[in-house]
Amino acid sequence: MTQGPITQGILLFALPLMLGNLLQQMYNIADTWVVGRFLGPDALAAVGSSYTLMTFLTSILLGLCMGSGAAISMQFGSGEEDRMRQSVFLSFSLIAGISLVLNALVYLGLDSILWVLRVPGELKPLMKEYLVIIFLGITATFLYNYFANLLRAIGNSVVPLVFLAVSAVLNVILDLVCVLVLQWGVKGAAGATVFSQFVSGIGIGLYTLKKFPQLCPKKADCRWDKKNLDTILNLSVMTSVQQSIMNFGILMVQGLVNSFGTVIMAAFAAAVKIDSFAYMPVQDFGNAFSTYVAQNYGAGETDRIKKGIRSAGLCSAVFCVCISVLVCAFAAPLMGIFIDPGESAIIAAGVHYLRIEGACYIGIGILFLLYGYYRAVNQPQMSVVLTIASLGTRVALAYLLSATPLGVTGIWLSVPIGWALADAIGIGYYLKKKR
């Protein structure tokens, strides 16, 4: 098979993932856009910091949902319906319990969380208003991700996209109504998000139970089974660890960013949204590459894997270079989407960030391919190693360099340096194993 068809095959795997992530990005951007454009820099800074915290909290549940979905998928494929229904009962009970505990802990520790995040005193009341409501969405996020992964486990990837699309559009509409019409401020933005999350979470749950009764646990299935639970945990814990380590590192960096004041907080909140949207396609491409490699690894097609590595590497590199040029060239107009043009200091800080990160997207493009490769060849521990290397370097350098005359520039520089180190480790290990 030639390089072209291989790349096309990987892209076909990637398209549904890209569509799903595009909808998710729309969902995430809605609050930032509405708050930044209509409520001002203080509100944007408060909501931006809250988003990083919520991403960390929900990443724990997301990893568990993904792992349980993998276990249920295997049992569905092997025709073990009784065991599959028992896995639905066990995994739902386990993750629902963790979700409730997590919800209780964040409410009890809210003041401590604000202190750890080094939120400036003038922003604490605003951020507290937002968090008290947005924390309710933890349960809704669990419901959506659990049932979305359950449906994907039995081969239905369309319905989760439909519910996500409905929720994303509803969130944008409610954000505008609650902030502009009802003038509820950041509480309105938070309420709109939580309501939309519950619509998608409860909706997809009811749909799944009604349309797929084979997934509904019967009375005999509602019992603990250590062996089955161990299978679920083995697949869930590693994924959850990787997800949470990555987002915990970002949360620590957010705390450092907050110490530089409202202008940098607001700039970071907007620039990170642009950043994540820009490299979203290569993240999805890396996940699709993982599926391609896994299929060929299972079939023993090592030559196709090598060709796939070359094709995917070239395609990802070309895309990253093009996106880097565009982000660096249009950094100011992109920041203007979220920030009033009159806020020149915030826009300048955001442009500074984007031109440092944007010039180095090829580093994260390679890293996503490495994550995908090591998952596919049954070496998930290497993905964790690369995550620790990338985020550990980023956090350590951010704190070290920001204390030098570089200041906040040191925080921005730490990110591509972390990507480069993880890339070097991942490629070096691959070449060593190849030899």
Side-chain angles (χ1 to χ4, degrees), residues 17 20-32 46-70 91-92 94-110 113-114 116-117 127 130-150 152 160-161 163-164 167-168 170-171 189-205 236-255 269 272-273 276-277 280 283 287 387 391:
L17 295 172
N21 254 336
L22 179 62
L23 291 169
Q24 189 64 57
Q25 290 296 332
M26 280 178 57
Y27 200 99
N28 295 338
I29 284 171
D31 276 8
T32 306
V47 170
S49 292
S50 302
Y51 171 76
T52 308
L53 173 62
M54 283 298 292
T55 301
F56 165 65
L57 294 172
T58 56
S59 69
I60 299 170
L61 301 175
L62 178 59
L64 293 171
C65 290
M66 289 168 65
S68 64
S91 58
F92 185 88
L94 174 70
I95 306 171
I98 292 172
S99 173
L100 292 174
V101 170
L102 198 60
N103 226 155
L105 288 175
V106 293
Y107 276 117
L108 291 171
L110 181 53
I113 289 169
L114 294 177
V116 169
L117 288 178
M127 193 165 170
Y130 186 80
L131 287 176
V132 165
I133 297 173
I134 207 70
F135 279 156
L136 295 172
I138 290 175
T139 303
T141 301
F142 149 65
L143 287 172
Y144 172 78
N145 282 291
Y146 182 82
F147 286 106
N149 279 284
L150 194 58
R152 292 185 192 113
L161 286 178
F163 278 97
L164 184 59
S167 183
L170 181 61
N171 187 35
T193 299
V194 170
F195 183 82
S196 303
Q197 288 173 333
F198 271 107
V199 167
S200 62
I202 294 173
I204 195 172
S236 301
V237 171
M238 191 63 75
T239 307
S240 185
V241 166
Q242 183 191 353
Q243 294 277 334
S244 55
I245 284 175
M246 181 163 56
N247 288 292
F248 181 69
I250 294 170
L251 187 63
M252 291 182 69
V253 172
Q254 178 71 62
V272 163
K273 291 292 191 299
S276 58
F277 193 84
M280 177 197 70
Q283 181 178 8
N287 290 331
T387 301
L391 266 298

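Being a predicted model, the structure only gives us computed values, none of them experimental.
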Q: CD1/I98 to CG/L64 distance, rounded to the nearest 0.5 angstrom?
A: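 Atom-to-atom, I98:CD1 and L64:CG are 5.0 Å apart.
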Q: When you compare the side chain of L170 with that of F195, does any pair of heavy atoms fall below 4.5 Å?
A: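 Counting from C-beta outward, F195 and L170 do come under 4.5 Å.
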Q: Going by ring-ring contact (aromatic ring centres under 6.0 Å, His included), name the residues that satisfy it together with F277, two or more places apart in sequence or in a different chain.
A: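 For F277 there are no ring-ring contact (aromatic ring centres under 6.0 Å, His included) partners, ignoring immediate neighbours.
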Q: Any idea which heavy atoms bring F163 and G203 closest together, and the distance?
A: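 Nearest pair, atom of F163 first, then G203: CE2-C, 3.4 Å.
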Q: Can you name the side-chain hydrogen bond (donor to acceptor under 3.5 Å, both in side chains) partners of T55, sequence neighbours left out?
A: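 Checked T55 against side-chain hydrogen bond (donor to acceptor under 3.5 Å, both in side chains); zero matches.
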Q: Atom CG in L143, atom CD in Q197: separation rounded to 0.5 Å?
A: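 Rounded to the nearest 0.5 Å, the CG-CD separation comes out at 10.5 Å.
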Q: Could you check whether any side-chain N or O of T52 sits under 3.5 Å from a backbone N or O of L251, counting only pairs where one atom can act as donor and the other as acceptor?
A: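 No, T52 side chain to L251 backbone: no donor-acceptor pair under 3.5 Å.
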Q: Provide the closest heavy-atom pair for I204 versus P160 in the form atom of the first, atom of the second, distance.
A: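 Closest pair (atom of I204, atom of P160, distance): CD1-CA, 3.9 Å.
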Q: Of all residues at least two apart in sequence or in a different chain, which pass the side-chain contact (heavy atoms from CB on, under 4.5 Å) check with L57?
A: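 Checked L57 against side-chain contact (heavy atoms from CB on, under 4.5 Å); matches are L53, M54, L102, V106, F135, I138.
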Q: Is any side-chain heavy atom of I95 closer than 4.5 Å to a side-chain heavy atom of C65?
A: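 Of all side-chain heavy-atom pairs linking C65 with I95, at least one is under 4.5 Å.
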Q: Using side-chain contact (heavy atoms from CB on, under 4.5 Å) as the criterion, list what pairs up with A269, not counting sequence neighbours.
A: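 Per chain and number, A269 pairs via side-chain contact (heavy atoms from CB on, under 4.5 Å) with L44.
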Q: Rounded to the nearest 0.5 Å, what's the gap from OG on S91 to OH on Y146? Could you check?
A: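 With rounding to 0.5 Å, OG (S91) is 2.5 Å from OH (Y146).
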Q: Which distance, rounded to the nearest 0.5 Å, do you find between the CD1 of I60 and the OG1 of T141?
A: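 Reported value, rounded in 0.5 Å steps: 12.5 Å.
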Q: For S99, which residues count as a side-chain hydrogen bond (donor to acceptor under 3.5 Å, both in side chains) partner, sequence neighbours excluded?
A: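 side-chain hydrogen bond (donor to acceptor under 3.5 Å, both in side chains) list for S99, sorted by chain: empty.
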Q: Under 3.5 Å, is there a donor-acceptor pair between the side chain of S276 and the main chain of K273?
A: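 Side chain of S276 to backbone of K273: a pair is present.
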Q: Does the side chain of L131 come within less than 4.5 Å of L114's, by heavy atoms?
A: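 Yes - at least one pair of side-chain heavy atoms lies under 4.5 Å apart.
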Q: Of all residues at least two apart in sequence or in a different chain, which pass the side-chain hydrogen bond (donor to acceptor under 3.5 Å, both in side chains) check with Y144?
A: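 Residues passing side-chain hydrogen bond (donor to acceptor under 3.5 Å, both in side chains) with Y144: none at all.
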Q: Determine, stepwise, if the pair F56 / Q254 fulfils side chain to side chain contact (heavy atoms under 4.5 Å, CB included).
A: CA-CA 11 Å; F56 165 65; Q254 178 71 62; over 6 Å; no
Q: Considering all heavy atoms of both residues, which atom of N149 and which atom of N145 are nearest to each other, and what is their separation?
A: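 Reported closest heavy-atom pair: ND2-O, 2.7 Å.
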Q: By side-chain hydrogen bond (donor to acceptor under 3.5 Å, both in side chains), which residues pair with N103, not counting sequence neighbours?
A: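 Partners of N103 by the side-chain hydrogen bond (donor to acceptor under 3.5 Å, both in side chains) criterion, ordered by chain and then number, come out as T139.
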Q: Could you list the residues that satisfy side-chain contact (heavy atoms from CB on, under 4.5 Å) with A96, not counting sequence neighbours?
A: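 With neighbours one apart ignored, the set is F92, F142.
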Q: With sequence neighbours left out, what residues match L136 under side-chain contact (heavy atoms from CB on, under 4.5 Å)?
A: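 Result, side-chain contact (heavy atoms from CB on, under 4.5 Å) vs L136: Y107, V194.
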